[in-house]
Amino acid sequence: AQSVTQLGSHVSVSEGALVLLRCNYSSSVPPYLFWYVQYPNQGLQLLLKYTSAATLVKGINGFEAEFKKSETSFHLTKPSAHMSDAAEYFCAVRNRDDKIIFGKGTRLHILP
Amino acid sequence: GAGVSQSPSNKVTEKGKDVELRCDPISGHTALYWYRQSLGQGLEFLIYFQGNSAPDKSGLPSDRFSAERTGGSVSTLTIQRTQQEDSAVYLCASSTQGARQPQHFGDGTRLSIL
């Protein structure tokens, strides 16, 4: 069975600092991986996805994520945090035939 | 519109009443999902429709919950005899067929049970 673990329910970084949100997955077959962002009172928006092409995936708003099979990880990064990045971030995994499974989310706080 | 539309955006009702939540997916999307998001929690899968196949109902928490999808498009999630623990945001998402396709989410219905 597949699963997703997001380390840290809350992460705080200073404006301009590196953002690193951690995601580890469990899957018996090569998965498809997604990062979504949720702003207050809104649904989830796709940030980026990994679908077995390049292991370094670039998304919207300057975010990127690297698929590391040996570590079963798909961590989300952004070189320089902006106040507008404050939101909740969800990592998700999906095998070819299964429904998508979401992590419990990480709330990102940006300190001025 | 171009996105997934959910209605109502907010619903307040008394314990014991039935509620219906509506989802209009993106035109042409064959897959439709319902999730529940409680305060401070992740997304809890409820039900999944894919084309004309039988829906995956494995996430429905009790027999008070049901959903249908008419004509492969609009979906309605019904909660009967609502309880206070049903208070949550109910999110709908749709996608084209294929596991590599991302889901597109509506803004959700915030349900409050008094």
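Just so it is clear: chains get the letters A, B, ... in the order the sequence lines come, proteins before strands, and each one is counted from 1.
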Under a 4.5 Å cutoff for heavy-atom pairs, which residue among B:Ser9, B:Ala93, B:Pro102 has the most contacts with chain A? B:Pro102
Would you say the ring centroid of A:Phe63 lies under 6.0 angstrom from that of A:Tyr89? yes
Please classify the contact of B:Ser58 with chain A as side chain, backbone, both or neither, using a heavy-atom distance under 4.5 Å. side chain
Verify the ring-centre separation between A:Tyr36 and A:Phe102: is it less than 6.0 angstrom? yes
Above 12 or not: heavy atoms from other molecules or residues under 6.0 Å from CD of B:Glu14? no
Short side-chain donor-acceptor distance under 3.5 Å, A:His10 and A:His109: yes
Side chains of B:Thr30 and B:Gln50: do they bring a donor and an acceptor to under 3.5 Å? yes
Identify which of B:Val4, B:Asp56, B:Val89, B:Leu43 forms the greatest number of heavy-atom pairs closer than 4.5 Å to chain A. B:Leu43
Side chain, backbone, both or neither of A:Leu46 within contact of chain B (heavy atoms, under 4.5 Å): side chain
Answer key: most heavy-atom pairs under 4.5 Å with chain B among A:Arg107, A:Gln38, A:Gln6 is A:Gln38
May I ask you to name which of B:His104, B:Gln6, B:Gln101, B:Glu44 has the most heavy-atom pairs under 4.5 Å with chain A? B:Gln101
